[in-house]
Undergrad: 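Here it is, the structure in full.
Because only heavy atoms are used, hydrogens play no part in the values below, and waters and symmetry mates are left out as well, while side chains stay in. Note that the structure is a prediction, hence the values are computed from the model and not measured.
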Amino acid sequence: MSRLGNLGARLYRGEVGYDFVGKRMLWYGVSILITITAVVGLAVQGLNMGIEFRGGVVVTTPKLSVTTEEARETAEEISGHIPIVQELGTGGLRIQIADVSTTESDKIRTELASDFGVAKKDLNVDVVGPSWGEQIANKAWMGLGVFMVLVVVYLAIAFEWRMAVAALIALIHDLTITVGIYALVGFEVTPGTVIGLLTILGYSLYDTVVVFDGLKEASKDITKQTRWTYSEIANRSLNSTLVRSINTTVVALLPVAGLLFIGGGFLGAGMLNDISLSLFVGLAAGAYSSIFIATPLVADLKEREPQMKALKKRVLAKRAQAAQKGEPTEAEEAEAAGFSDAEPQDAAPAGAVVGQRRQPTRGRGKRR
């Protein structure tokens, strides 16, 4: 077994782990810093809205002998606006000029045909009105609102309202970071970007629900035991799904990275950037928020409950009492026995993930 596979197996069995929940203030601070940077970038730079949202003209040419830079200079001189020029696989060019009216588009077509030395009829011109982009934006906002409401309702019913609140905050966190990155990088926002944003919400929610499902099982009948606090159980549950989350994220990021860095960067297919950047940033942010934001937030909210406060007090008092007597804690005794149980009230090793069952080590006696 490889080192990564061995580490994953040990994390799953609870033999090793990292205290994500215990260091939640650090993750909150990092997230707040990243979010502030994204918001400042959005406020200062603003979003580079595509022609679909601003309105304008798109001119597609046949194969030409001019370069993209020459075409850009010509289009800018004719229109008075900074165009976006992309080379097509056929050898032709795609010229986007924003903020151009229908009347101006015909003039631009005529002058471009003259400067490029082609017939006017050979230039394909599409005029996009800003109202079309506005309709797309309104529908996207409506879809986003409906999605958020359904997410909160589903999680509140399937799990509990605290998990619904934590998931909602994580989703808003992912959206803010992704939109902020777009503002800082200056990539064009197109309908493809909107599709990418809606796609990452589903991915982020899926990853969060997987963690919450394990936490729900692990914390069943938690108040009947005095070994673990809710935060400790949440952390153990998170560690048990950690490698799965990392593997899922890496597998999802690889093809998206190919689109962004190879297709959009190396090969110059700029039209891939609008959707690939949102997917790449959103997938990474979604994995981060599922691990470092959503579960610690749930633990924070649950620890405010009176019964969880009472449980924590009992757990700490029992540990302090065992330490004064020089006796091993129940967790240490269970670790020596070499097994973990499915029920929180039964013995579980200190390094194990609550909610998992292992058979006792052969020759170490019966289960207590």
Side-chain angles (χ1 to χ4, degrees), residues 3-4 6-34 162-163 166-167 169-170 173 207-208 210-220 222-223 225-249 284-305 308-320 322-323 328-336 338-341 344 347-356 358:
R3 288 186 178 182
L4 182 60
N6 184 51
L7 175 61
R10 294 180 66 194
L11 279 167
Y12 184 80
R13 292 194 300 266
E15 296 173 0
V16 295
Y18 184 80
D19 191 8
F20 294 102
V21 177
K23 293 181 171 59
R24 53 184 175 267
M25 298 310 297
L26 173 62
W27 315 132
Y28 293 165
V30 171
S31 293
I32 290 173
L33 181 62
I34 295 175
R162 295 167 188 83
M163 291 186 176
I169 293 174
H173 167 273
D207 211 25
T208 301
V210 168
V211 177
F212 283 176
D213 186 60
L215 177 56
K216 178 183 177 182
E217 291 298 318
S219 59
K220 189 181 298 182
I222 184 177
T223 55
Q225 53 86 48
T226 55
R227 185 171 303 117
W228 313 111
T229 65
Y230 188 90
S231 291
E232 291 170 341
I233 291 179
N235 191 69
R236 293 166 186 277
S237 180
L238 180 56
N239 273 279
S240 70
T241 59
L242 179 63
V243 171
R244 180 186 182 282
S245 297
I246 293 175
N247 287 340
T248 303
T249 302
Y288 172 84
S289 64
S290 298
I291 297 172
F292 297 97
I293 302 299
T295 305
L297 271 177
V298 171
D300 260 340
L301 294 173
K302 288 289 291 186
E303 291 284 8
R304 297 174 187 270
E305 293 183 1
M308 293 304 158
K309 289 181 179 179
L311 172 63
K312 185 176 181 179
K313 187 179 294 185
R314 293 198 306 270
V315 171
L316 296 180
K318 195 166 186 179
R319 290 177 183 175
T329 63
E330 293 181 7
E332 292 170 340
E333 291 177 353
E335 186 176 8
F339 59 83
S340 64
D341 292 13
V353 177
V354 176
Q356 298 175 357
R358 268 196 298 151

Undergrad: Could you report the tightest heavy-atom contact between Ser290 and Gly286, atom names first, then the distance?
TA: OG-O, 2.9 Å

Undergrad: Quick one: closest heavy-atom pair of Pro296 and Phe20, and the distance?
TA: CG-O, 4.5 Å

Undergrad: Under the side chain to side chain contact (heavy atoms under 4.5 Å, CB included) criterion, do Val315 and Trp228 qualify, and how do the steps go?
TA: CA-CA 6 Å; Val315 171; Trp228 313 111; 5.9 Å; no

Undergrad: Can you tell if the side chain of Glu303 reaches within under 4.5 Å of the side chain of Thr229, non-hydrogen atoms only?
TA: yes

Undergrad: Treating Asn235 as the side-chain partner and Ser231 as the backbone partner, does any N or O pair qualify as donor plus acceptor under 3.5 Å?
TA: no

Undergrad: Under 4.5 Å between any side-chain heavy atoms of Ile291 and Leu242, yes or no?
TA: yes

Undergrad: Just grab all the salt bridge (charged side-chain N to carboxylate O under 4.0 Å, His left out) pairs involving residues 288-297, residues at least two apart or on different chains.
TA: none

Undergrad: To the nearest 0.5 Å, tell me how far Asp207 CG sits from Ser289 OG.
TA: 8.0 Å

Undergrad: Checking Glu305 now: which residues fulfil salt bridge (charged side-chain N to carboxylate O under 4.0 Å, His left out) with it, not counting sequence neighbours?
TA: Arg162, Lys302

Undergrad: With side chain to side chain contact (heavy atoms under 4.5 Å, CB included) as the test, would you mind laying out the steps for Ile34 and His173 before giving the verdict?
TA: CA-CA 9 Å; Ile34 295 175; His173 167 273; 5.8 Å; no

Undergrad: Where do Ile222 and Met308 come nearest, in terms of heavy atoms and distance?
TA: CG2-CE, 3.6 Å

Undergrad: Measure the CG-OG1 distance between Asp213 and Thr208 for me, rounded to the nearest 0.5 Å.
TA: 12.5 Å

Undergrad: Strictly distance-based, threshold 3.5 Å: is any side-chain N or O of Ser237 a donor or acceptor partner for the main-chain N or O of Ile233?
TA: no

Undergrad: Using 0.5 Å steps for rounding, measure from the CG atom of Asn247 to the OG1 atom of Thr241.
TA: 11.5 Å

Undergrad: For side chain to side chain contact (heavy atoms under 4.5 Å, CB included), just list the numbers for Tyr230 and Leu215, CA-CA rounded to whole Å, side-chain angles, deciding distance to a tenth of an Å, and then say yes or no.
TA: CA-CA 10 Å; Tyr230 188 90; Leu215 177 56; 3.4 Å; yes

Undergrad: Determine yes or no for a side-chain-to-main-chain donor-acceptor pair under 3.5 angstrom, with Arg24 supplying the side chain and Val21 the backbone.
TA: yes

Undergrad: Consider salt bridge (Lys or Arg N to Asp or Glu O under 4.0 Å). Of Arg227, Arg319, Lys312, which one does Glu232 pass it with?
TA: Arg319

Undergrad: Hey, is the main chain of Leu297 close enough, under 3.5 Å, to the side chain of Tyr28 for a donor-acceptor pair?
TA: yes

Undergrad: Evaluate side chain to side chain contact (heavy atoms under 4.5 Å, CB included) for Tyr288 paired with Val30, printing each intermediate quantity in order.
TA: CA-CA 11 Å; Tyr288 172 84; Val30 171; 3.6 Å; yes

